[in-house]
Amino acid sequence: MPSMHRKRSSNNRRTRVDRGSTGDVHREVQEVFQDEWPASRNEKEIEGENKMPISKEKDMENRKEHLAMKTPPIVSAEQWEAARQQLLVKEKAVTRSRDALAAERRRMPWLAVEKKYEFEGPKGKVTLLALFEGRRQLIVYRAFFEPGVFGWPDHACRGCSFCADQVAHLAHLNARDTTLAFASRAPQADIERLKARMDWNMPWYTITDSFDADFGVHEWHGTNAFIHDGDKVFRTYFINNRGDEAMGSTWNYLDMTALGRKENWEDSPEGYPQTPPYKWWNWHDEYAAALDPKWVKVVENAKVTLNLND
């Protein structure tokens, strides 16, 4: 992905990004795209730039160009399957590599969080520890929703909103003792209004201090992972930039945490909590119920199908 931190042009605008206050880069980048991104031909025509409407001839040329796109060959079912099997070798290698990366994350050193951070929540002021909601792990995504961000006050940043739309049902993360929360600088009233409009259900807090600057998310989005041991909180990992593209899936969230998926096939340090895979899965509205022995039997009878090391 090309860098989003583009310089401004010289027509009476600054030639560098001002990093003086929270979110300046994020807001100014959006201004750059809004001001400098070339308008499409149709947009210019709508703006009345003295251009003729698109001709039928030109429209036909565009269609021919589309039809002339160079596509892969058309093959038989056997040839197609052979090509898929060949590519599958590389896909499995990527999967194994991703598993190995997650295993290294679980061995990352922990950084003690010494400062006492404070957020504003729906019920008032809360600490960073309170954001865990009683669970062992916490994932915090810094979303840009505040004055000065494109879309305010009706919307959060388009990219952050794109991310929010992809978040899986939180019950599955919660079942692995992990909480996901969003944080912005917008007041709670605006956050609650936005959540209702966009049908988002994740906990979303207001940043009131230097949390964003201290954890690398004051100028751009990012996802931080934490764990706590009693009253002590530790930062365990951080993903930003294109790494955030993968966020939203329960699996990718768990893979960035210190404890991982907590399944016994994973390569984790000795003593880490682990349970058999699949057995803990449930419908998102029934995690509070006891484990169904029928589901356990289904899993035990499908060991070949559920081979995670294949």
Side-chain angles (χ1 to χ4, degrees), residues 21-24 26-27 110-149 151-157 160-161 163-165 167-238 244 247-248 253 257-258 284-285 287-288:
S21 61
T22 300
D24 279 349
H26 190 277
R27 287 190 287 269
W110 295 0
L111 176 66
V113 179
E114 305 290 356
K115 190 180 294 187
K116 303 301 180 183
Y117 295 99
E118 192 172 80
F119 301 81
E120 190 74 29
K123 298 180 181 179
K125 296 185 185 307
V126 291
T127 64
L128 178 61
L129 184 60
L131 268 57
F132 283 78
E133 296 183 348
R135 302 183 183 94
R136 185 74 192 279
Q137 299 188 123
L138 169 69
I139 299 169
V140 180
Y141 176 76
R142 198 288 200 228
F144 275 84
F145 179 49
E146 58 202 62
V149 169
W152 173 266
D154 297 324
H155 281 293
C157 153
C160 297
S161 300
C163 175
D165 280 336
V167 173
H169 200 288
L170 299 177
H172 304 296
L173 270 178
N174 297 164
R176 298 318 261 172
D177 210 13
T178 302
T179 297
L180 173 69
F182 275 41
S184 301
R185 284 197 169 269
Q188 277 296 297
D190 293 299
I191 289 174
E192 290 302 313
R193 172 178 51 78
L194 178 69
K195 287 175 61 178
R197 171 175 179 164
M198 302 300 287
D199 196 26
W200 293 331
N201 299 309
M202 71 284 288
W204 199 319
Y205 299 91
T206 301
I207 301 168
T208 65
D209 47 33
S210 62
F211 174 85
D212 46 5
D214 294 346
F215 291 99
V217 289
H218 60 301
E219 293 181 338
W220 210 243
H221 60 84
T223 307
N224 278 282
F226 302 91
I227 195 168
H228 79 91
D229 184 8
D231 293 336
K232 296 180 179 179
V233 177
F234 304 90
R235 186 191 195 193
T236 59
Y237 205 65
F238 176 55
D244 271 336
M247 295 297 99
Y253 279 130
T257 65
H284 72 248
D285 62 344
Y287 273 111

Minimum side-chain heavy-atom gap [X]-[Y] below 4.5 Å:
X      : Y      : value
Cys163 : Tyr141 : yes
Thr178 : Ile139 : yes
Trp110 : Arg235 : no

Out of the candidates Leu128, Thr206, Val140, Thr208, only one should pair with Phe119 under the side chain to side chain contact (heavy atoms under 4.5 Å, CB included) rule; please name it.
Leu128
For Val126 and Leu131: C-alpha separation, side-chain torsions, deciding distance, then whether side-chain contact (heavy atoms from CB on, under 4.5 Å) applies.
CA-CA 7 Å; Val126 291; Leu131 268 57; 3.7 Å; yes
How about Arg135 and His228: does a side-chain donor come under 3.5 Å of a side-chain acceptor?
no
Classify the side-chain pair Tyr117/Asp214 by whether it contains a donor and acceptor separated by less than 3.5 Å.
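On atom types as modelled, these side chains qualify, holding a pair under 3.5 Å.
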Residues Arg142 and Asp212 bridged, charged N to O under 4.0 Å:
yes
How far does [atom1] of [X] sit from [atom2] of [Y], to the nearest 0.5 angstrom?
X      : Y      : atom1 : atom2 : answer
Leu173 : Thr179 : CG    : OG1   : 8.5 Å
Glu133 : Asp177 : CD    : CG    : 11.5 Å
Ile191 : Arg185 : CD1   : CZ    : 11.5 Å
Phe182 : Thr223 : CZ    : OG1   : 7.5 Å
Leu194 : Arg197 : CG    : CZ    : 8.0 Å

Taking all non-hydrogen atoms of both residues into account, name the closest pair between [X] and [Y] and its distance.
X      : Y      : value
Pro122 : Gln188 : N-OE1, 3.2 Å
Ala156 : Ser161 : O-OG, 3.4 Å
Thr236 : Ala258 : CG2-CB, 3.8 Å
Asp209 : Lys116 : OD2-O, 4.4 Å

Show the numbers, then the answer: is there a side-chain contact (heavy atoms from CB on, under 4.5 Å) between Val167 and Leu180?
CA-CA 9 Å; Val167 173; Leu180 173 69; 3.6 Å; yes
Out of Tyr237, Phe238, Phe132, Phe215, which residue meets the ring pair (Phe, Tyr, Trp, His ring centres under 6.0 Å) rule with Phe226?
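Option passing the ring pair (Phe, Tyr, Trp, His ring centres under 6.0 Å) with Phe226: Phe215.
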With Asp190, which residues qualify under salt bridge (Lys or Arg N to Asp or Glu O under 4.0 Å), at least two apart?
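So Asp190 forms a salt bridge (Lys or Arg N to Asp or Glu O under 4.0 Å) with Arg193.
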Show which side-chain atoms of residues 198-205 pair as donor or acceptor with protein atoms under 3.5 Å away, not counting sequence neighbours.
| unit_1 | atom_1 | unit_2 | atom_2 | d |
| --- | --- | --- | --- | --- |
| Trp200 | NE1 | Asp165 | OD1 | 2.9 |
| Trp204 | NE1 | Ser184 | OG | 2.9 |

I'd like to know whether Tyr287 forms a ring-ring contact (aromatic ring centres under 6.0 Å, His included) with His172, so could you lay out the CA-CA distance, the side-chain angles of the two residues, the decisive distance to 0.1 Å, and finally the verdict.
CA-CA 8 Å; Tyr287 273 111; His172 304 296; 5.5 Å; yes
Do any N or O atoms from the side chain of Ser210 and from the backbone of Ala213 form a donor-acceptor pair under 3.5 angstrom?
no
Counterpart residues, side chain to side chain contact (heavy atoms under 4.5 Å, CB included), relative to Lys232 (two or more places apart)
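Once residues adjacent in sequence are excluded, the partners of Lys232 under the side chain to side chain contact (heavy atoms under 4.5 Å, CB included) criterion are Phe234.
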Can you tell me if Asp285 has over 12 outside heavy atoms packed within less than 6.0 Å of its CG?
yes
